[in-house]
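Read through the structure below, which is laid out as structure tokens, and then see the notes.
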Amino acid sequence: MTSPPDPGPPRPATFEDLVAEGASVPTDGWDFSWFEGRATEARPSWGYAVSMAGRLGRASAVLDVQTGGGEVLDFALSRLADATTGQATTRATAQSTTETTAPAATAPKPPLLTVATEGWPPNVAKATALLRPRGVAVVAAAEDDPLPFADGAFDLVVSRHPVRPHWEEIARVLQPGGTYFAQHIGPNSVFELVEYFLGPQPEGVRSARHPDRERADAEAAGLDVVGLRAERLRVEFHDIGAVVHFLRKVVWMVPGFTVEAYEPRLRELHERIRADGPFVAHSTRHLFDARKPG
């Protein structure tokens, strides 16, 4: 009995196949695992989600603004829970062996109250399902609306990649001495891709989200900026399906993006990636740490 002929290496996916795949993947939440092997982005050196977990362990009432699908808050709470369990085990072991332990007040512990807001209905549902088991209430609130909470309700407000920080509202809901700890998208982020589709953008658009401007706005709202770090990070798109999914998911990059409207440019970019390798862009991020005087 003869073996079937060797089919050889797999045929590369066609433009139509890749675009159809990128156009069909759900875009709710901020889980980017679908991009694995298809697009990469370097991460900021400060490790925001891990740092957030440390802040949560020292707070009593926390608000996560524009939580998306709740993935970052869920990770931070999970990390905090692991740390808390680990310290509890260490204390129990130490007590059983008469070892000296650190004062209990230094141990991290979950906040007494954790609330999140989100404005996009599919994300509200996803975040609720993910965060409810952790005791987190998800409140539907449009990005431009006032925060639906009392003055001074929180000692920590966090946010990862808010569309636009509303500094007056953040300052209002923070109690005196409270902290705003967030990772923001910076100016010109992935603009190599934006300008590939839209052409050169005016300086006012390019300089939006600048950390110096945000510092001034935060200070005008009454906050003291105690830390501000910025980094520029390499992004690679390895196929046109990843480009399509990215532009569908991050809708403010190319407003009104559809495959039909940009089909010629997408096809040109597909051929460019096939010939020259990944399309390279650069994201910008800044870590914002501000406090309300108390």
Side-chain angles (χ1 to χ4, degrees), residues 30 41-59 61-68 72-73 76 115-119 141-147 149 151-192 194-195 201-235 250 252-253 281-294:
W30 286 116
E41 179 182 1
R43 297 302 181 192
S45 61
W46 49 73
Y48 176 69
V50 173
S51 298
M52 183 204 289
R55 299 295 182 106
L56 294 175
R58 302 192 298 271
V62 177
L63 171 63
D64 182 21
V65 178
Q66 297 178 31
T67 194
V72 177
L73 180 58
V115 183
T117 66
E118 175 55 34
E143 295 160 359
D144 294 327
D145 287 349
L147 293 172
F149 307 106
D151 297 358
F154 304 97
D155 60 335
L156 176 64
V157 175
V158 296
S159 189
R160 180 180 180 272
H161 301 175
V163 175
R164 183 173 54 256
H166 296 281
W167 295 111
E168 293 80 7
E169 283 296 287
I170 291 167
R172 182 184 65 78
V173 300
L174 275 174
Q175 63 182 245
T179 297
Y180 175 69
F181 183 70
Q183 180 175 293
H184 290 186
I185 298 171
N188 305 325
S189 193
V190 199
F191 256 49
E192 297 93 339
V194 170
E195 294 189 332
Q201 296 297 289
E203 183 55 32
V205 174
R206 294 183 61 84
S207 63
R209 303 174 179 266
H210 196 284
D212 290 344
R213 179 178 299 173
E214 293 195 343
R215 175 196 290 271
D217 291 342
E219 291 174 344
L223 299 176
D224 293 332
V225 179
V226 298
L228 184 55
R229 297 171 58 188
E231 291 184 2
R232 187 169 184 261
L233 307 157
R234 184 180 177 93
V235 179
V250 191
W252 55 85
M253 288 293 179
H282 296 85
S283 63
T284 56
R285 303 286 185 263
H286 50 275
L287 184 69
F288 216 98
D289 192 352
R291 294 176 187 166
K292 183 174 181 176

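Heads up: numbering here begins at 1 and tracks the sequence.
The aromatic rings of His184 and Trp167 lie tilted to each other, with the angle between the two planes from 30° to 60°.
In terms of modelled atom types and a separation under 3.5 Å, the side chain of His210 and the main chain of Asp212 share a donor-acceptor contact. Judged by distance alone, with hydrogens and angles left aside, the side-chain atoms of Gln66 form a donor-acceptor pair with the main-chain N or O of Val163 at under 3.5 Å. For Gln183 (side chain) and Phe288 (main-chain N/O), no donor-acceptor pair under 3.5 Å exists by modelled atom type. With hydrogens and angles disregarded, a donor-acceptor distance shorter than 3.5 Å links the side chain of Ser51 to the backbone of Trp46. At least one donor-acceptor pair closer than 3.5 Å links the side chain of Asp155 to the backbone N or O of Ala61. A donor-acceptor contact shorter than 3.5 Å links the side chain of Glu169 to the backbone of Leu147. Judged purely by atom type and a 3.5 angstrom limit, Ser159 uses its side chain to pair as donor or acceptor with the backbone of Val65. Remark: side-chain polar atoms of Thr67 are not paired, donor with acceptor, to backbone N or O of Thr117 under 3.5 angstrom. The backbone N or O of Gln175 lies less than 3.5 Å from no partner atom in the side chain of Lys292, so there is not a single donor-acceptor pair.
At least one side-chain heavy atom of Asp144 sits less than 4.5 Å from a side-chain heavy atom of His166. For the pair Leu287/Pro44, no side-chain contact is recorded, criterion being any heavy-atom separation below 4.5 Å from C-beta on. Side chains of Thr179 and Arg58 form no contact here, defined as non-hydrogen atoms less than 4.5 Å apart. Taking the side chain as every heavy atom from C-beta outward, Val158 and Tyr180 never approach each other to under 4.5 Å. Annotation: side chain of Leu156 is in contact with side chain of Leu56 (closest heavy-atom distance under 4.5 Å). Using a 4.5 Å heavy-atom threshold, the side chains of Pro211 and Arg229 count as separate. Residues Arg43 and Leu233 form no side-chain contact, since every pair of their non-hydrogen atoms from C-beta on lies 4.5 Å or further apart.
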Val72/Asp64 under side-chain contact (heavy atoms from CB on, under 4.5 Å): CA gap, chis, key distance, verdict: CA-CA 10 Å; Val72 177; Asp64 182 21; 5.9 Å; no
Evaluation steps, side-chain contact (heavy atoms from CB on, under 4.5 Å), between Asp224 and Glu219: CA-CA 6 Å; Asp224 293 332; Glu219 291 174 344; 6.0 Å; no
Salt bridge (Lys or Arg N to Asp or Glu O under 4.0 Å) between Arg172 and Asp151, intermediate numbers included: CA-CA 5 Å; Arg172 182 184 65 78; Asp151 297 358; 2.8 Å; yes
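Taking every heavy atom of both residues into account, Ala221 and Ala171 meet most closely at O-CB, 3.5 Å. The heavy-atom pair separating Ala208 from Arg213 by the smallest distance is CA-NH1, 4.0 Å. Between Met52 and Phe181, the closest heavy-atom pair is N-CE2, 3.9 Å. Across every non-hydrogen atom of Val62 and Ala59, the tightest pair is CG2-CB, 3.6 Å.
Distance CD/Glu231 to OG/Ser283: 9.5 Å, rounded to 0.5 Å. Atoms CG and CD, from Leu223 and Glu168 in turn, are 9.5 Å apart once rounded to the nearest 0.5 Å.
Looking at Arg164, Arg209, His286 one by one, the single match for side-chain hydrogen bond (donor to acceptor under 3.5 Å, both in side chains) with Glu214 turns out to be His286. Each of His282, Arg232, Arg285 was scored for a side-chain hydrogen bond (donor to acceptor under 3.5 Å, both in side chains) with Ser189, with one residue passing: Arg285.
Residues Phe154 and Phe149 bring their aromatic ring centres within 6.0 Å.
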